[in-house]
Amino acid sequence: MSTELSPELSPQYDPAATEPATYARWMEHGVFTAHADRSARIGGDREPFTIVIPPPNVTAVLHMGHGLNNTVQDVLIRWRRMAGDEALWVPGTDHAGIATQNVVERLIAQEGKTRFDLGREAFVERTASFVEATGGAILKQLEAIGASCDWTRTAYTLSPELSRAVRTAFVRLFEDGLIYRGHRVIHWCPRCLTSLSDEEAEFEETAGALYHIAYPVAGEPGRAVVVATTRPETMLGDVAVAVHPDDERYRDLVGKHVVLPIVGLEIPVIADTYTDPAFGTGVVKITPAHDANDFEVGARHALPMPVVIDAHGIMAEGPDGAGRVPRALAGLDRFAARERIVAMLRESGALVKVEPHQHAVRHCYRCDTVVEPRLSDQWFVKMAPLAKPALEAVRERRVRIVPERWEAVYVNWMENIRDWNISRQLWWGHRVPVWYCDACGEAFASVDDIGQCPRCHGPVRQDEDVLDTWFSSWLWPLSTLGWPDERSRDLAAFYPTDVLVTAPEILFFWVARMIMAGLYFAKREPFHTVYLHGTVRDMQHRKMSKSLGNGIDPLDVVALYGADALRWTVIAGLGLGTDVMLDPENLEQSFAPGRNFITKLWNIGRYLLSNIGGEPVTALEAVDPATLTRADEWILARLDAAIRECDLALGPPRPDGGAWGEEELRRGMRLNDYAETARRFVWNELADWYVETTKSRMTGDGADRDVARAVLVHVFDAALRLLHPIVPFVTETLWQRIPLPGRAGDEFLAQARWPAPRAARAEGAARAAAFERVIEAVAAIRRARSEYGIPPGQRVAAEIRPGTDDTAAVYREEAAVIERLTRTDVRVVALAPAGPVAHELLGADGSEVYVLLAGAVDVEKECARQRRELVELEKQLGGLEQRLANEKFVSRAKPEVVEGERRKLREWTARREQLRQKVRALCGD
RNA sequence: GGUCGCGUAGCUCAGCUGGUUAGAGCGCUGGUCUCACAUACCAGAGGUCCGGGGUUCGAGUCCCUGCGCGACCACCA
């Protein structure tokens, strides 16, 4: 890992041996540590560029989704670090209330205990020590994939600092009247025994049944109304049936009563516009305690709200529910009760019919249990006032969402936002910072613990509930940088952050709420770009998941192919807005392209080091431009083009001014384009062409060798810089070895400057373009050789008839290069050879290449081929002529398009003439 | 039900505001162990751009429609 090691590289790159050591060196030298005082926002001379990690659950284990997500962030942060920004990537973990509590509950279940056996305090302690012992493992795993996080700033949502942020946020919202206690029907998980937010109760399409049940009309024997329900067990809690006020069929029933089957209670028929006359029978049962909509109806009509299902999903008489759960049903699980009730209804003849019914049922996002709507008291955040500025931030382009289409989803959600239930009946999390005084009945929200009632000094008790995990996550960009401490240097230096990289699934859970929190608490949106990347899927396009067993362990990949191969594969496969497909059955196929490319880089490095020699290398700036060969000019031009394309694919890094302009709004963040551009340059231009041309120059001595060495080192250095963000390990390792002119000893590629294109020189551009003629000639000769099946060992001759005087010089001077690359003797001639030849026509300037085969030419074959080519050309030419003859095209198309077509017409016409002559000569007609 | 997206080579996908002979990787075929690299090199085959209409001088690209997928949202019990 140091330049003092032997100049030779091992024949094979060994990532397993190299990567951990390289990472350790970066850490040792604090390469990833950001310095607040260097931020231009507080007087420094660097633009800050900040990313906060989407904190993985503290108990999580790295999976491909993390691999993808964090590689993307690392590419961006390494890019900006090299580009001269003060780059900060804040890592950390989320305490993950429900998820972690579930893990520990499962753990103690193995001991035959429940959390209630332990009691709250002991359970929280147990969980905390569990987290301490095993948590955060995922952060270590991130090191293995090369994540350049600033580990000196690692955060945790349940740390004392972040807890203070949570309490401060709560109290501020409470005091501003945006947090309130609500009594209503919420989503309840009977397994986790907690309420859930709307977002945590996920829809799942389910094939259920629609049960039609007859409710006899009281006092009108023989008459009944039929209601339809998917959850018959809730009927025990019915307090009314509702019809639409305009529904003629039932108008006379409104105000009368029906008899609730099984229970035997008389309940009123009410009129409410909530009822859809077109659905089912147009009569709907009203169960205020067990359905959110029915709750609204019940509240409108001041109906009682009897509870008939308890917290565990068991049929039981709760508040107001006395006498409603018959002994035969009491104690039954809700689904067992459903079956029993249906059977009872069938027996009594009240069950009219059962229809299959496809509908969306909500499930707990943590444990997948069917959610039960439940009447309870919860803490809510009023969202409308928070959503308004967050909506404006996106509309006014201070925040952009990439890909753009997610913007509409965001807007739609924001416009229809509902209040956020933030209390959870869990033990693991931030306890609601509210204290109650039983004596004076007051409730106090406070950042600091309250020991006694501030009013009457009586005893107080803290709210039992904890806050939704996302109530701490939504503060993440603020809290990790030191908020609410207004004097925090990090906050001043790095907030607002820049890019937020995550999956679309948590756009609402997290991203939208962070924007709201940032604007509310700090008056600034927390980032200017939300980059939503795709999902990692298998070849059947299924999400990778533990339960399907179709996952790929990123650490397996690292062990087999190295972190760089993993990173390369996910970045190269990540089109904007597309998913990444990987085959868990065939890791070789999935990751070989990455590994092969890294091997390619390694081998270029080997070539360079074994040919460069020990003498000092001249800096390119010190090389007299007049001594650059065409190949030199060409590769330097290609490098500049590659740099420009990469810059275009990646940036701009931030909006110019406070908001994104129309022009730049959709630019950048195309990481796969960046990867592909860099790969094409390194492989198809640098390795395939330029390196080949240097081989003969390296064996020589004198000035030209030094020029070649200077250019080769310069170009390879730039290539390594260009690629470092994607494949940091191999590039750093190689970079440490290459003999860069004027380098100090302890520098890292990770901190080296991002390459910039050189100032353009007309002379150089012309010479670079001339090298394209060489490439064409080589390709033509190779094609002819291949077509005639000439063994590589067999020496044949080729003659080139230049199209212009200028190119004549090019071929003469580059003949050696062409000979080397084709193993063919080359002569530049003024006339076409007399005898039969294997002939390949050139493009651009009309040059022709003849491959002389010592009498082995198959004239018939050659004739046929040239004929085919002529026919094809004439067809194309016909279309072109037609287009140019079309007045409308000439007058309406863009001038440069027309001009291009005219040029093409001239070239093709000349080629047609050449081809015709060839065909005449070959075919004898 | 609402909104949005997708359908281009065997597979995974690029193709920007409509304008050269539609590209890449993998796979496939043929040839090479050529002194950095067989995890490689060289050459090649393979596409009615989902179907049907339309706008236009010109459509893979824009519009309509059909078919087939997918995502997000949603109080049809």
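Letters go in sequence order (proteins before strands), and every chain restarts at 1. Owing to the predicted nature of the structure, the values given are computational and were not obtained by experimental measurement.
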Is there a side-chain contact between A:Asn672 and the phosphate of B:A14, meaning an N or O under 4.0 Å from OP1 or OP2? no
Taking salt bridge (Lys or Arg N to Asp or Glu O under 4.0 Å) as the test, write out the residues that go with A:Arg184, two or more places apart. none
Heavy-atom closest contact (A:Gly534 atom, A:Leu68 atom, distance): O-CD2, 3.4 Å
Test of understanding: with salt bridge (Lys or Arg N to Asp or Glu O under 4.0 Å), list the residues that count as partners of A:Glu819, not counting sequence neighbours. none
Pairwise C1' distance, B:G60 and B:U17 [rounded to whole Å]: 16 Å
Contact class for A:Thr578 (heavy atom, under 4.0 Å): base, sugar-phosphate, or nothing? sugar-phosphate
Establish, from distance only, whether the side-chain atoms of A:Tyr365 and A:Glu202 form a donor-acceptor pair under 3.5 Å. no
Same-atom distance (P) from B:G15 to B:U61, integer angstrom: 15 Å
Would you call the rings of A:Trp568 and A:Phe597 parallel, tilted or perpendicular, taking 30° and 60° as the class edges? tilted
Just checking, any donor-acceptor pair under 3.5 angstrom between side chains of A:Arg606 and A:Asn603? yes
Rounded to the Å, how far apart are A:Asn684 CG and B:C41 P? 9 Å
Classify the nucleic acid contact of A:Arg680 as base, sugar-phosphate or nothing, counting any heavy atom under 4.0 Å across all strands shown. nothing
Please classify the nucleic acid contact of A:Arg783 as base, sugar-phosphate, or nothing, using heavy-atom distances under 4.0 Å. sugar-phosphate
Checking side-chain contact (heavy atoms from CB on, under 4.5 Å) against A:His187, which of A:Arg374, A:Glu199, A:Arg362 comes through? A:Arg362
Interatomic distance at P, B:G5 relative to B:C62, whole Å: 11 Å
Before accepting this row, confirm whether a basic side-chain N of the pair A:Lys353/A:Glu355 lies closer than 4.0 Å to the acidic partner's carboxylate O. yes
With heavy atoms under 4.0 Å as the rule, sort A:Glu296 into base, sugar-phosphate or nothing. nothing
A:Pro791 or A:Ala592: which one's nearest nucleotide on RNA chain B is closer to the 5' end? A:Pro791
Are any of A:Lys695's side-chain N or O atoms less than 4.0 Å away from OP1 or OP2 of B:U34? no
On a whole-Å scale, what distance lies between the C1' atoms belonging to B:G27 and B:A9? 11 Å
Just checking A:Ala893: base, sugar-phosphate only, or nothing, at a heavy-atom cut-off of under 4.0 Å? base
Both distances below 3.5 Å, Watson-Crick or wobble geometry, any strand: find the nucleotide opposite B:U17. none
State yes or no: are the ring centers of A:Phe508 and A:Tyr410 separated by less than 6.0 Å? no
May I have the distance from A:Glu415 (atom CD) to B:U3 (atom P), rounded to whole angstrom? 14 Å
Identify the nucleotide, in any strand shown, that forms a Watson-Crick or G-U wobble pair with B:G10, with both distances under 3.5 Å; if there is none, say none. B:C26
With C1' as the reference atom in both, quote the distance from B:C64 to B:U56 in angstrom, rounded to an integer. 16 Å
Which parts of nucleotides 71-77 of chain B does protein reach within less than 4.0 Å, heavy atoms only, written one letter per nucleotide 5' to 3' as B for base, S for sugar-phosphate only and - for none? SSSBBBB
Nearest-angstrom distance, P atom, B:C49 to B:G23: 14 Å
May I ask you to say what A:Trp568 touches in the nucleic acid, namely base, sugar-phosphate or nothing, with a heavy-atom cut-off under 4.0 Å? nothing
Mind checking A:Arg782 for me? I need base, sugar-phosphate or nothing, with any heavy atom below 4.0 Å counting as a touch. sugar-phosphate
Give one of base, sugar-phosphate or nothing for A:Ala687, where a contact means two heavy atoms less than 4.0 Å apart. base
Indicate, with a heavy-atom threshold strictly under 4.0 Å, whether A:Val691 touches base, sugar-phosphate, or nothing. base
Distance check, C1' atoms only: B:A74 and B:C4, in whole angstrom units. 14 Å
Determine the Euclidean distance between corresponding P atoms of B:U8 and B:G52; express it in Å to zero decimal places. 16 Å
Rounded to the nearest angstrom, tell me the gap between atom CG in A:Leu873 and atom C1' in B:U20. 13 Å
